[in-house]
Amino acid sequence: MADSVFAVDVQSVSKHFRLYKDKNKSIKERMLHPRRVAFEDLWALRDVNFTVAPGETVGILGHNGSGKSTLLKTICGVLQPSSGQVLVRGKRAGLLELGAGFEPELSGRDNIYLNGAMLGIPKAELDRVFDEIVAFSELGPFIDNQVKFYSSGMYVRLGFAVAVNVDPDVLVVDEVLAVGDERFQRKCMDRIKQFQADGRTILFVSQTPEQVRAICDRVVVLHHGEMIYNGDTGKGIRLFREKLNQDTAAPVGAAIEGVTDLDHDAGPKNPTLPDDRSTRGARIEAVHWGCPEVLGAVPTGKRLEISIDVDAPKAISDVVYAIQLINEDGEIVAATTTETLGMHLDLPEGKSQFTFMIDRIPFLDSEFQLNVGLQSRNGVENLFAWAEQAAVVEVTYAGRAQGLVELEVSCEFRERTD
Amino acid sequence: MAAAPPQHSGDSAARGSEARDLTVRVVSADQSLSQRLQDIWGHRELLSHLVRTEIKVKYKNSILGILWTMVAPAMTLAIYYGVFGVLLKNGIPDFVIFLASGLLIWNFFFGSVMAGTGVIVGRAGIVKKVSFPREILAIATVGSQSVYLLLQWLVLAVFMVALEHRPDWVALPLVVVGFVATVVWAMALAIVLSAVNVYFRDVQHLIEIVMQAWFWATPIVYSFWFTLQTKLVAHHLSWLTKLYFCNPMVSVVVGFQRAIYGDVSVVSTATTQRTVIEVLPPWHLASYYELLAGCIAVGLLCLVGAIKVFGRLEGNFAEEL
């Protein structure tokens, strides 16, 4: 690829880990049992090849343990590949998992300079952008506090603020948008979009395909260390979803993630991501769906009932039930809440069931992910319970119409006499 | 909240005209030595940063702060003065100066190697997140130890004024050469041990014992010429001297003693008979320089080797930590 333009060139990168059963760290152990070092060979990455052109935004998708973190670490230069090489043109800045490698004993101010120096930014340059970094991170009053007292959100904000303000040519963002409040997430996304407009190159990893869809030109899908797809975003997301459903257990992969994510960093740990059946005041025990007339998939035009079994340790007044139907491209095709329906509901203590009844389901053959939630009246500020992808709702269509929804059509014929 | 204001409009114009220096970086398992050295040199600003950080963190929340580095040697010297100058006279006048001239540089060497060995493991948080030539961490410990050493030399200077002990001004450049030699060796050891320690944590403990043996193999609390060499010669074992000088710290310490303590032969204070003892080798100054030059040359080779080994081991740090 003589002189052809690339920002990142990943050339047959493989990374091979040894997964120790019981790691012998001492020389004595190794001397006594030279052969008994039990480990499994594990390929975290296997012959991955792709290039990213300058100005492109590429998403990297893969379930836990697919090797996407390893790939990003290699691109950032934190890990060296076992074979192959990565070429990066220009200045790169990255946010690997949480925190950008801060010294917990130092203040935020000192850490900005330290981090900048590690990224190879001259001090004069940092002096120039320092105020911008502080402003972006919204840490003004805390900038002289030791980083060890920061919350996880503050930690990520600082890391992101440094990474985007040091004028990188290649920005690597790994999962960072999973933390921080929604407003800051939006701010980060805005900045990322602005970076795109500036013509910078971005590598973006997120567990949320919607975010990937929103900004990426192209995706690379990794599956057990191998690149199984490189191309159009929509297709990639669908493939990723398929793979995700195929092996939800992912036993081996989970093990790798466990190894690479062991964090001795004094920084904050991964917070619980809000996409599981998290508990914040109530618990969604089960979600049922079906048609009262037929078993199994709901025929188009029939009634769909969605029941949410909730267990509340204490009564909550003014609750709102919400449902979302998501298509395979991650788009919300339909959503409603009891608030939209103009209902005022209180949740009593103990077990209860709430049912949404949708009289006519208009969709043709399709599968929808069903998200259900229980929140307070004014939006998602107070989410009591949320079950992401709680069920897959199937709709079958026996008719012949084409398209996405069934229209109720009646026809009339008359002769014109004008 | 509105989106962040577009402060980058100016930069994007520059970006368009391709005025930027877009160097291609390679991440791969084998990097050439010159590339590594270039990379380290490119991060020299980080080095000064890390040195300051280390000192800052070490003395955070302490009132005396960095002054502690001076209090400890001041106390040590005072105690040694009391013990060897007054109670247990060993015949060497101003013994405390003799001792300090070797002890301070040894402490610098010892401190650098010990702290350097643990530095990659200790900074795991940074090593796993950011890409930079990690040798810098080991080099930075040598840097911060140098700062402590300078302060401790001030203490020694005060003692020398108080005891009216003059250094040998002519031989004083030996201090600079000796310091360079020590830095080279300390860096080589710190770099290689910090990397090995990631894989075998035993190194940290092992090195402590090794350093203790090393300390006694170096003429710091005893005089090389007076205690050792005269006896070796008497037993026709002078070939052992050659072996003894394989220890780079011997050349360094003897050089420091020559420059700071200065007197080659002194009148013993141990007895009332005025016996003359030769504390330091009665060589011409050039011999001292020769020894140190050899020491630096071999040290540089070791340093290059250390960086090579480090490069080999560095690739897996992020997963081993």
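To find a chain, count down the sequence lines: A is the first, B the second, and so on, and within it residues start at 1. Just so it is clear, the values below take in all heavy atoms, side chains as well, and ignore hydrogens, waters and symmetry mates.
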With chain B as the partner, which of Gly84(A), Pro81(A), Ala135(A), Ser82(A) has the greatest number of non-hydrogen pairs under 4.5 Å? Pro81(A)
Checking side-chain contact (heavy atoms from CB on, under 4.5 Å) between Arg134(B) and each of Ile40(B), Ile120(B), Val119(B), which is the one that passes? Ile120(B)
Looking only at heavy atoms, which of residues 43-52 of chain B get nearer than 4.5 Å to chain A? His43(B), Glu45(B), Leu46(B), His49(B), Leu50(B)
Qualifying residues under ring pair (Phe, Tyr, Trp, His ring centres under 6.0 Å), relative to Phe215(B), sequence neighbours excluded: Trp106(B)
For Ala217(B), does its backbone N or O pair with a side-chain atom of Asn247(B) as donor and acceptor, under 3.5 Å? yes
Counting only heavy atoms not in Lys58(B), do more than 12 sit closer than 6.0 Å to its NZ atom? yes
Would the distance check show the side chain of Lys187(A) and the main-chain N or O of Ser137(A) forming a donor-acceptor pair, the cut-off being under 3.5 Å? no
Relative to each other, are the rings of Phe317(B) and Phe310(B) parallel, tilted or perpendicular (30° and 60° limits)? perpendicular
Taking the ring centre of each residue, are Trp214(B) and Phe110(B) less than 6.0 Å apart? no
Once ring pair (Phe, Tyr, Trp, His ring centres under 6.0 Å) is applied, do any residues pair with Tyr244(B), and if so which ones, sequence neighbours excluded? Phe224(B)
So for atom CD, which belongs to Gln212(B), do other residues, nucleotides or ligands contribute more than 12 heavy atoms lying within a distance under 6.0 Å? no
Relative to chain B, which segment of Lys193(A) carries a heavy atom at a distance below 4.5 Å: side chain, backbone, both, or neither? neither
Please answer whether the main-chain N or O of Phe6(A) pairs with a side-chain N or O of Arg89(A) as donor and acceptor at a distance below 3.5 Å. yes
Give the interface residues of residues 145-155 of chain B toward chain A, defined by a heavy-atom separation under 4.5 Å. none
Are Glu103(A) and Arg123(B) ion-paired here, with the side-chain N under 4.0 Å from a carboxylate O? yes
Most contact-rich option vs chain B, by heavy-atom pairs under 4.5 angstrom, among Val129(A), Ile121(A), Val86(A), Leu79(A), is Val86(A)
